Student: 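This is the structure I want to talk about, given as structure tokens.
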Amino acid sequence: MIVHTYCASTYGVDAHIINVEVNSIGGFPKYFLVGLPDRSIQESRDRIEAALHNSGYEMPRSRLTINLAPADLPKEGSGFDLPIAVGLLAVSRQIATDLLPDTVLIGELALDGSLRAIKGALPIAVEARKRGYKNLIVPFDNGAEAAVVQDLNVYALKHISDVVNWMNGKDSNGAFNVNPVEMFSNGHARYDVDFSDVKGQENVKRSLEVAASGGHNIILVGPPGSGKTMLARRLPTILPPLTLNESLETTKIHSVAGLLKTGNSLVTRRPFRSPHHTISDVALVGGGSIPMPGEISLAHNGVLFLDELPEFKRSALEVLRQPLEDGHVSISRARMSVNYPSNIMLVASMNPSPSGDWHDPAGHGGSNAAQMQRYLAKISGPMLDRIDLHVEVDKVSFDELSSKSQSESSEDVRKRVVVAREMQSKRFMGMGIHCNAQMSTRMVRKICRLDESGAALLKKAITSLGLSARAYDRILKVARTIADLGLSETIQPEHVAEAIQYRNLDRQGWLG
Ligand SMILES: Nc1ncnc2c1ncn2[C@@H]1O[C@H](COP(=O)(O)OP(=O)(O)OP(=O)(O)O)[C@@H](O)[C@H]1O
Ligand SMILES: [Mg+2]
């Protein structure tokens, strides 16, 4: 007798339906598991046998072949326990099989038969619905996450005996229901921090507003305690609110990484990820023998903050380059390649020198020129090429810190950002990009035209301030964003002048 059950395996942020074929013929009891199972699936037999036994069911005593199809897709993870166990129960007539063709099952079995959460329940639910399955059975802790998908009956169960009862039509519990639109609007745009917490620093706040408006990467340069980390943390609060679609994209990545907490099934705020500088390359961009998304993908649709940029290993900064450019990470394996989206804003911070001060009086405990060069060499070139705005952050004075005057709230700043982004959406309609930072050199030439006085100003800046060639396009892009914030169709000289201010690291000749 052959029985088919259906489950799914995740690849990147997508899932594929896997058909578990269980065949039983009489003869000496044997157990074959075929179809590219990984180690954890190979080990499932012992878990399944114990779980069935401890839940009052019997492991079939016959010659069993379990085939995971399609055979050419590698399969990973412990989520196959449940579909294999149900197949074994069906083939030995311990449960009814009527519901099997319409049902996707996923879950790891504990030895006592209870169901343990798996990673990637959301992409699996998305795929199950897409392929026309009516029901999805998941471990209880994955319920809220999977139920975000509508038009699919999601049953979140705790034990293999609950699954058997459901299959036999004895389960009185209805499908798990959540309303993603309601959940989304309840949680979204609420942050624990606000721009108004930051006293003074008006110019830095302005530059963050510009960065948010055009989607530009930004680096904050300032001495310890000047508030760089505090400012960076507040960037997500002035970005346009996450859309439901963006929320689902980001939630899928967090689902695959197993980061969704029970009851918190939708990422409703823009992520802010701040990995420590000792992070491994794989943890930063993703990968590993069983591919997992890295910090850059967990920050998808939000902000990746690299605090103390020069402390990061050079190799880590190298591996970030391509994903920053492409907006996704590709990981190739022998039998497949997976993709994780990584559409992020990068915010970096650094001290002006290894000793932390602006001025480096060599021989006075400060950093000498050689130290300084080594410090800056790491971030020069490719990394800095991807950062449009360089901003100096000075310490705020005591008067400013103690002042009672209320500064502008994130909500007010966000309104301007949203308007600027809308102008860009219109501008780039049908062009495959959505904000100024994403313009190619050709688009910059076409879109960011200067009038005579603007062009003269830029020429003077480039030559007299000694700006490097790479500064040229950056200034034009940022000037376009500043013009958008000023609701101006054309780029005016004052927009160019402000944009030039944001090329400090070129100007000081630090990075040649
Ligand atoms: N403009 C400000 N308004 C209110 N508080 C501030 C401001 N700047 C700094 N602070 C206070 O100083 C603390 C230190 O700031 P923060 O950690 O952001 O500095 P930093 O520049 O990141 O320093 P480091 O280089 O040491 O990481 C903040 O937690 C905050 O309490
Ligand atoms: Mg800091």
Side-chain angles (χ1 to χ4, degrees), residues 191-212 217-239 270-279 284 295-296 299 302-313 316-317 320 344-361 365-367 371-372 374-380 383-384 387 389-414 501-502 504-505 508 510-511:
Y191 292 88
D192 309 328
V193 294
D194 197 273
F195 243 41
S196 59
D197 307 335
V198 184
K199 305 272 184 196
Q201 302 291 27
E202 295 309 327
N203 62 329
V204 186
K205 288 190 198 167
R206 163 75 183 174
S207 64
L208 286 170
E209 181 178 337
V210 173
N217 298 329
I218 179 170
I219 183 164
L220 305 174
V221 188
S226 55
K228 302 182 295 294
T229 305
M230 184 182 189
L231 284 151
R233 265 190 192 288
R234 284 156 181 78
L235 180 59
T237 70
I238 60 164
L239 285 170
R270 293 202 180 267
F272 179 86
R273 304 288 303 185
S274 172
H276 191 254
H277 57 73
T278 53
I279 190 172
L284 190 58
E295 286 292 328
I296 189 169
V303 173
L304 178 69
F305 180 43
L306 301 183
D307 207 356
E308 321 290 353
L309 185 67
E311 301 289 329
F312 280 78
K313 291 192 301 274
L317 301 182
L320 273 180
I344 57 141
M345 269 185 73
L346 176 74
V347 182
S349 86
M350 63 183 270
N351 293 325
S353 70
S355 68
D357 295 322
W358 283 117
H359 308 292
D360 289 308
S367 339
Q371 272 180 319
M372 186 74 190
R374 265 202 307 277
Y375 181 64
L376 294 169
K378 268 194 183 164
I379 63 158
S380 66
M383 191 64 193
L384 211 60
I387 299 181
L389 287 93
H390 311 156
V391 178
E392 285 174 22
V393 185
D394 281 320
K395 280 188 183 159
V396 282
S397 65
F398 177 79
D399 287 347
E400 274 177 309
L401 268 183
S402 54
S403 113
K404 295 252 174 334
S405 69
Q406 187 64 30
S407 24
E408 213 178 8
S409 71
S410 293
E411 197 183 344
D412 290 339
V413 182
R414 189 166 62 227
Q501 303 290 312
Y502 299 131
N504 280 339
L505 293 181
Q508 294 173 0
W510 282 354
L511 302 169

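Each ligand, and each atom within it, is numbered from 1 in the order the structure gives. Worth saying up front: this structure is predicted, and the values here are computed from it rather than measured. Position 1 is the first residue of the sequence; numbering continues from there.
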Student: Just let me know how Lys395 lines up against ligand 1, side chain, backbone, both or neither, with a heavy-atom cut-off below 4.0 Å.
Tutor: neither
Student: Judged by non-hydrogen atoms, does Val393 sit under 4.0 Å from ligand 1?
Tutor: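 It does not, in that no heavy atom of Val393 comes within the 4.0 Å cut-off of ligand 1.
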Student: A side-chain contact here means heavy atoms from C-beta on lying under 4.5 Å apart; do Leu208 and Phe195 qualify?
Tutor: yes
Student: With respect to Asp307, determine whether any N or O atom, backbone or side chain, lies less than 3.5 Å from an N or O atom of ligand 1.
Tutor: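 No.
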Student: Considering only heavy atoms of Asn351, which atoms of ligand 1 have at least one such atom less than 4.0 Å away?
Tutor: 25 (O)
Student: Return the CG to CE distance between Asp307 and Met350, rounded to the nearest 0.5 Å.
Tutor: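 Those atoms lie 12.0 Å apart.
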Student: Lys228 side chain to Pro223 main-chain N or O, any donor-acceptor pair under 3.5 Å?
Tutor: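 It does hold such a pair.
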Student: Can you confirm whether Leu231 sits close enough to Val347 that some side-chain heavy atom of one is under 4.5 Å from a side-chain heavy atom of the other?
Tutor: no
Student: Show, in sequence, the C-alpha distance, side-chain angles and deciding distance for Val413 and Thr237, and conclude whether the side chain to side chain contact (heavy atoms under 4.5 Å, CB included) test is met.
Tutor: CA-CA 9 Å; Val413 182; Thr237 70; over 6 Å; no
Student: My understanding is that we take every heavy atom of each candidate and find the minimum distance to atom 8 (N) of ligand 1. Doing that for Gly227, Gly200, Ser407, which one comes out nearest?
Tutor: Gly227
Student: Side-chain contact, heavy-atom cut-off 4.5 Å: Val204 with Val198?
Tutor: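 Answer no - side chains too far apart.
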Student: Among all protein heavy atoms, pick out the one at the shortest distance from atom 3 (N) of ligand 1; state its residue, atom name and that distance to 0.1 Å.
Tutor: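 Its nearest protein heavy-atom neighbour is Lys199 N, 2.9 Å.
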Student: To the nearest 0.5 Å, tell me how far Asp412 CG sits from Ser196 OG.
Tutor: 9.5 Å
Student: Strictly inside 4.0 angstrom of atom 13 (C) of ligand 1, do you find any protein heavy atom?
Tutor: no
Student: Got an N/O contact under 3.5 Å between Thr229 and ligand 1?
Tutor: yes
Student: Rounded at 0.5 Å granularity, tell me how far CG in Leu389 sits from CD1 in Ile219.
Tutor: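 It comes to 11.0 Å.
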Student: Starting from atom 27 (O) of ligand 1, find the nearest protein heavy-atom neighbour and note its residue, name and distance.
Tutor: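 Result: Glu308 OE2, 3.4 Å.
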Student: For the residue pair Phe305 and Leu235, establish whether any side-chain heavy-atom pair is separated by less than 4.5 Å.
Tutor: no
Student: Distance from Leu306 atom CG to Ser349 atom OG, nearest 0.5 Å?
Tutor: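 Result: 8.5 Å between the selected atoms.
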Student: Within the stated cut-off of 2.8 Å, is an N/O/S atom of Met230 closer than that to the Mg ion (ligand 2)?
Tutor: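 Coordinating: no.
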Student: Would you kindly specify which portion of Gln201 sits under 4.0 Å from ligand 1, judged on non-hydrogen atoms: side chain, backbone, both or neither?
Tutor: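 Only the side chain of Gln201 comes within reach of ligand 1.
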Student: Have a look at Lys228, Glu202, Met230 and point out the one with the heavy atom closest to atom 5 (N) of ligand 1.
Tutor: Met230
Student: Check whether any protein heavy atom sits under 4.0 Å from atom 31 (O) of ligand 1.
Tutor: no
Student: Does ligand 1 come near enough to Val198 that some N or O of the ligand is less than 3.5 Å from an N or O of the residue?
Tutor: no
Student: Could you find the nearest protein heavy atom to atom 23 (O) of ligand 1 and give me its residue, atom name and distance?
Tutor: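 Answer, as residue, atom name and distance: Gly225 N, 2.7 Å.
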